[in-house]
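Basis for what follows: all heavy atoms, side chains included, without hydrogens, waters or symmetry-related copies. Letters go in sequence order (proteins before strands), and every chain restarts at 1.
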Protein chains: 2
Amino acid sequence: MTTTDNTKQSNRDKKQQQLLDAAEKLFSQTGYDGASMSMIAKEASVPKANVLYYFKNKDSLYEAVLDRIVAQWNLGLENITPDDDPAVVLYNYIKSKIKLAIEQPMQSRLFASEIIRGAPYLQGYLRNSARPWIREKSALFQAWIDAGKMNAIDPQHLLFAIWSTTQYYADFEAEVLLVQNKLEYENSDVEKITQSIAQLILTGVGLAIPE
Amino acid sequence: MTTTDNTKQSNRDKKQQQLLDAAEKLFSQTGYDGASMSMIAKEASVPKANVLYYFKNKDSLYEAVLDRIVAQWNLGLENITPDDDPAVVLYNYIKSKIKLAIEQPMQSRLFASEIIRGAPYLQGYLRNSARPWIREKSALFQAWIDAGKMNAIDPQHLLFAIWSTTQYYADFEAEVLLVQNKLEYENSDVEKITQSIAQLILTGVGLAIPE
DNA sequence: GTCTATAATCAGATAGAC
DNA sequence: GTCTATCTGATTATAGAC
């Protein structure tokens, strides 16, 4: 009350958002070490040394970017029960992951860079959030298998396969586009990729593609 | 003859190899910008500023590392004809890729970092080598499909799916191990992963796993 | 041919003016 | 609360001694 009012608070929030957006872009393009604070400042239209006024240091800015990404990460497979139809659930999950990979590739790429480096900043997330999430979903898959709803497969490797095949179109976009001699993905690509991946994964566990 | 003899030549080659090994390790761990020339020199047991005597600059060292990786890359799917059995060919390819991912993850990770950054140094390779290679293999897959040997699928996306699912165990090793609460892959993992991936891919295109 | 000393640049971070 | 000027250290690269 005494030190801040609403406009100042929201101004600060706004600049922080600008910086997070700029940092996400640059960290995902050139990695943690490749992106400098001055580049991020320039991208966010904030005076260079001012970045450290909004974020204590480079590490904390990087962490804040990762936190924001992780927060909107594991959506799309929530509120699922053993009574649901695995074909529908898996198909929709694959479809949404591919849509995300193509429309918001930067987040996937930054996440990938972090893991490739040995996940120095995401150890806690992987241990405390990702691990229990995966165990929960694995149990669900196993319940479907035990009920004869789909063929037996190691549930964790099934999850890894879904993540790898879908995120590939974000992380390796440069390769996919170059090989196909395209400048960017076309609208029809989302559908085409979804069909190919869904065919492999769903048929692979004995399910038919819905509709 | 006048300026070098065999021992000096081989001494130079030896140091270059040491430097390439060290650079591959460090570039794959922390990326192009994260690995400094002094770290690489230390890792290779070569005086710091001496690295630039063997390689013109940081870029050319990085390029040399990439060239060496790419040279031993696309093996495992050579000398294949439409007369071969797709199930055997694909199974062996998947198996060898997973073995490579687990035993030599650094190469896959460095390659992935480079592509994530937009492939600044691998554009030429992707355009001139990878693209025709993929087109050739795609035509082969299509011949199998046309002959009724496997179910219809876009051959390029099939290749991407094989690469993504197998390389995932190298690139995202930190995540896979953390989630499974392991320090490193066990011998049995290669077999287990191969079975899971082969099941998805092969069953996914209507093939049975060989033997 | 090999290595030491050093230059030139740029990074992240800080002190203090407004 | 915001921003300018500056510091310290690390980086790549070079010049030149052995």
Atom-to-atom span, CG of B/Leu52 to C1' of C/dT4 - whole angstrom: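 Value for this atom pair: 14 Å.
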Provide, to the nearest angstrom, the distance between the NZ atom belonging to A/Lys58 and the C1' atom belonging to D/dA10.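 Computing the A/Lys58:NZ to D/dA10:C1' distance gives 13 Å.
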Parallel, tilted or perpendicular: which describes the rings of A/Tyr32 and A/Tyr121, with under 30° parallel and over 60° perpendicular?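 If you compare the ring of A/Tyr32 with that of A/Tyr121, the planes turn out tilted.
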Tell me whether B/Glu173 is salt-bridged to B/Arg109, with the criterion being a basic N under 4.0 Å from an acidic carboxylate O.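 Counted as a salt bridge, because a side-chain N and a carboxylate O are separated by less than 4.0 Å.
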Taking 4.0 angstrom as the limit, do A/Asp33 and A/Arg117 come out as a salt bridge?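 Salt bridge between A/Asp33 and A/Arg117, a charged N being under 4.0 Å from a carboxylate O: yes.
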Around B/Lys95, counting heavy atoms of other residues, nucleotides and ligands shown, do more than 12 lie under 6.0 Å from its NZ?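 Not more than 12 within 6.0 Å, no.
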Are B/Glu103 and B/Tyr185 side-chain neighbours, meaning at least one heavy-atom pair lies under 4.5 Å?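 No; the side chains remain at least 4.5 Å from each other.
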Taking the side chain as C-beta and beyond, is there a heavy-atom pair between B/Phe27 and B/Glu114 under 4.5 Å? no
Run the ring-ring contact (aromatic ring centres under 6.0 Å, His included) test against A/Phe141 and tell me which residues pass, sequence neighbours left out.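 A/Phe141: ring-ring contact (aromatic ring centres under 6.0 Å, His included) contacts with A/Trp144.
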Residues in ring-ring contact (aromatic ring centres under 6.0 Å, His included) with A/Phe111, at least two apart?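 In terms of ring-ring contact (aromatic ring centres under 6.0 Å, His included), with neighbours along the sequence ignored, A/Phe111 is linked to A/Trp73.
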For DNA chain C, which residues in residues 25-34 of chain B have a heavy atom at a distance below 4.0 Å?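 Residues of residues 25-34 of chain B that come under 4.0 Å of DNA chain C do not exist, since none gets that close.
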Which protein N or O atoms sit under 3.5 Å from an N or O of nucleotides 3-9 of chain D?
from  : atom 1 : to      : atom 2 : distance (Å)
D/dC3 : OP2    : A/Asn50 : ND2    : 2.7

Taking only heavy atoms on the protein side, list every residue of residues 35-44 of chain A lying under 4.0 Å from any atom of DNA chain D, sorted numerically. none
Could you give the distance from OG (A/Ser196) to CD1 (B/Ile153), rounded to the nearest 0.5 Å? 5.0 Å
Filter on side chain to side chain donor-acceptor pair (under 3.5 Å), then keep only pairs touching residues 36-51 of chain B, sequence neighbours left out; what's left? B/Lys25-B/Glu43, B/Ser36-B/Ser38
